[in-house]
Amino acid sequence: MTSPIRTERHDNVLVVISDNPPVNALGQAVRAGLKDAIGEALADDSVEAVVIRCDGQTFFAGADITEFGKPPVGPNLPETLDAMEASDKPVVAAIHGTALGGGCEVALACHYRVAVPSAKLGLPEVKLGLIPGAAGTQRLPRLVGAESALPLVVGGNPIPAKKAEKIGLLDVLVGEDSLEADAIAFAKTKIGQPVPRSSEGKENEDGVRDPDLFDRFRASQARRIRGFDAPNAAIEAVKAAGELSYADGVAKERELFMKLMGGTQSAAMRHYFFAERAANKIDDVPKDTQLIPIKKVGVIGAGTMGGGIAMNFLSAGIPVTILEMAQDALDRGTGVIRKNYENTAKKGRMSAEQVDQAMGLLTPTLSYDDLADCDLVIEAVYESMEVKKEVFGKLDEVVKQGAILASNTSYLDVDEIATATKRPGYVLGMHFFSPANVMKLLEVVRGKETRHDVLATVMKLSKKIGKVAAVSGVCPGFIGNRMLSKRQEQANELLMEGANYWEVDEVLLDFGFPMGPFQMGDLAGIDIGWHRDPSKVTTIREALCAVGRFGQKAGKGFYDYDEARNRTPSDEVKQIIADFAAKEGKPQREISKDEIRERLLYPMVNEGALILEEGMAQRASDIDVVWINGYGWPLYTGGPMFWAQTVGLDKVVTGLERYGLPVSNYLRTKAENGGKFD
Ligand code: 3HC
């Protein structure tokens, strides 16, 4: 097998090149090749400096994640990097694309780092439930200081080259199109000088001078890192870089890394990494399907949903024509879009110029005719089959042939909507989640006639607008809301049997959800869909509406709210629920938190199994992707289906039986045959 590493001589500089598509992951062959190349450079007196660069789209994007969990084959990354750093001949990293994780650690082990301006550098290991494992947590603080290192190691988001240069992670930025030549020239200027080694840097002393730095940082991140093990380990490792010798710091990092690697959180997050990428692929749609160019998008409805949907495309540089029925609604809608962008700019995440650019791509209109030349039109109008069919009938007449017509419906039958057109192959669902410009999930609903090129186009487009897409078949509520309804059924049932609603919320908060169902109800408004007749009370929600407890906006719903929107459980509500249960003849009893958790979550798993059995989701991991990105299911458990496997599918089955809840044949069979869904 040929090595992915080759070397080229440029005078007295040895250029070491990795060619390991798609992302130059640091698999065994790459590590071995790098180590050999360094050996070659050291052994050859005519080589006086080394440049390391990569072919293809990126510098090393990290360790090869597919090797994790398998028996290690040497050389390992730390020893490879130590050999590199030990060289007395200057070694220069020449960076383009994304130097991530182990790739960033390669750069840190080099004596110098040069990069093109478009490059990004980062340590995203926390996103896999890990911390850097090749001395990144020890070299980085010694090079740039603990204060600059903390957000990189703990947050995991890459930073642009310019910022990396500012904090001292890069030595110099070079020409976008002359990386190799500039890196060689740079290396030549360093020949004969003593080499600077990151492991010997002194910048980490900022953390010794100001030890409170770590607690302050932890407090500032508290909400974001709640429940995750890796960020705390990352803080500990960076702190160790100031307190311990380099060798002891590296040993500390290894201990923390190995513990995380063996834990369930990292297994779950690595599962998610591949799940997200798998979800974008559709098994029966060939990879080389010709895509439909999307140069202009139409959005029908300028309300909260339509406006949010439009922003996704505007932000990605795609022109949008937005349609409303009346001028005032149109003005209000475009005003909200502008305001949202301006707020983003105020937070420093967008320039005033970018706001104008995005708004410049928006065309408001009252006329369907203006949608004629759109390549994709997304409808976000009222959830009524009649209304949707009318809209699609009109669109079919007006919009050019070959254009895609999408509905943002959250539960209606997309196949029936398609019958309102003469082009059902070009119809599908694009279910965005509110707020649509923020939430990552896009449920792509595949109708029975949806064409391959239409699906492939929308999947590709979803990535361009920063969404994580998963495909659902046509069924009520699709994947996400269909499973949510099972959880909600049990939440309501538990109240009727005597569980306190705040305990139901607490159980889900403790599990890692950002919110429980009753908090969510209060936030969205309990009166959504209420018939407005206080004398007609058939559900607890109606009982609350009847006494004006409409949710947060009214200062009271399930909870009472103070001015700062802090919530406290309400005696009035407790009484309303008890009265309601008595009226229905439901005896009340104490219900344990374990029962609450199992009754909320196990039926979701069962519904997920039914969704798989019916072929409504392609794979169990797609369901995980939906729930993590659309409903706040905690990432560190891997999503409902992965989580169920870690609990044990047999345990889930027994639990459902214990509570007299349905168990699908599919779930039972999987439980009996290995306990895995995929
Ligand atoms: N190992 C193995 N495979 C990887 C990989 C990695 N580190 N990174 C990406 N891939 C694979 C993907 O699974 C995908 O495979 P597929 O085509 O079969 O689905 C393919 O490469 C392309 O990846 P993307 O679809 O994500 O391509 P993009 O161009 O959108 O993004 C990227 C490129 C920004 C590099 C992105 O892939 C990424 O963020 N990768 C992960 C980076 C990372 O987490 N690195 C840290 C690894 S842990 C580590 O280094 C530990 C160390 O400290 C010891």
Side-chain angles (χ1 to χ4, degrees), residues 4 18 20-31 34 54 56-70 72 74-82 95-109 118-140 149 152-160 230 233-234 237-238 250 253-258 260-261 265-267 269-283 287-288 440 459-469 619 621-622 625 635:
S18 169
N20 186 32
V23 298
N24 281 305
L26 288 148
Q28 192 276 337
V30 175
R31 298 192 302 271
L34 279 176
C54 293
Q57 68 171 31
T58 181
F59 194 73
F60 308 103
D64 186 337
I65 306 168
T66 59
E67 287 182 356
F68 291 1
K70 296 183 185 152
N76 65 29
L77 193 56
E79 71 185 86
T80 308
L81 302 193
D82 286 349
I95 301 166
H96 77 294
T98 41
L100 299 178
C104 187
E105 290 172 303
V106 170
L108 284 164
S118 62
K120 287 185 176 166
L121 290 90
L123 291 166
E125 284 87 343
V126 280
K127 300 195 174 182
L128 298 168
L130 296 170
I131 60 169
T137 67
Q138 301 305 301
R139 286 197 176 100
L140 183 66
L152 271 165
V153 183
V154 181
N157 293 324
I159 53 170
V238 176
V250 168
E253 177 193 273
R254 182 107 303 247
E255 178 196 321
L256 292 165
F257 177 84
M258 292 312 287
L260 291 167
M261 182 66 103
Q265 288 205 352
S266 177
M269 290 167 81
R270 281 182 272 136
H271 156 78
Y272 176 75
F273 177 85
F274 290 111
E276 183 181 315
R277 281 151 183 87
N280 203 271
K281 302 183 176 88
I282 308 174
D283 290 341
K287 244 181 153 178
D288 56 356
K440 285 285 224 184
M459 296 313 275
K460 179 87 179 177
L461 187 65
S462 68
K463 212 171 162 184
K464 186 164 181 191
I465 60 171
K467 296 292 176 213
V468 175
R619 39 188 103 79
S621 61
D622 284 11
V625 167
L635 172 61

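Both ligands and their constituent atoms are indexed starting at 1 by order of listing. Everything numeric in this text was worked out from a predicted model, so none of it was measured.
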| task | Classify the side-chain pair Lys127/Asn157 by whether it contains a donor and acceptor separated by less than 3.5 Å. | result |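 The criterion, which ignores hydrogens and geometry beyond distance, is satisfied for Asn157 and Lys127.
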Within a distance under 4.0 Å of any heavy atom of [X], pick out the atoms of ligand 1 and give their elements.
| X | result |
| --- | --- |
| Pro22 | 20 (C), 21 (O) |
| Asp64 | 1 (N), 2 (C) |
| Gly101 | 46 (C), 50 (O) |
| Phe273 | 8 (N), 9 (C), 13 (O), 40 (N), 41 (C) |
| Pro132 | 53 (O) |

| Non-hydrogen protein atom less than 4.0 angstrom from atom 15 (O) of ligand 1 |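 Given the 4.0 Å cut-off, atom 15 (O) of ligand 1 does not count as touching protein heavy atoms.
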| message | If we count only non-hydrogen protein atoms and require a distance under 4.0 Å, does atom 31 (O) of ligand 1 qualify as touching the protein? | response | no
| query | Within 45° of the six-membered ring axis of Phe273 and under 6.0 Å from that ring's centre, is NZ or CZ of Arg277 located there? | reply | yes
Quick one: does [X] get a heavy atom under 4.0 Å from ligand 1?
| X | result |
| --- | --- |
| Gln57 | yes |
| Lys463 | yes |
| Pro124 | yes |
| Val23 | yes |

Any nitrogen or oxygen of [X], side chain or backbone, less than 3.5 Å from one on ligand 1?
| X | result |
| --- | --- |
| Gly133 | yes |
| Thr98 | no |
| Gly102 | yes |
| Glu125 | yes |

| task | Determine, considering heavy atoms only, which of Pro158, Ala61, Ala99, Ala63 sits nearest to atom 6 (C) of ligand 1. | result | Ala63
| note | Note: Ile65, heavy atoms under 4.0 Å from ligand 1, region reported as both
| task | Under 4.0 Å, heavy atoms only, figure out whether ligand 1 is touched by the backbone of Leu26, its side chain, both or neither. | result | neither
| Pro158 and side chain to side chain contact (heavy atoms under 4.5 Å, CB included): which partner among Leu152, Leu121, Leu100? | Leu100
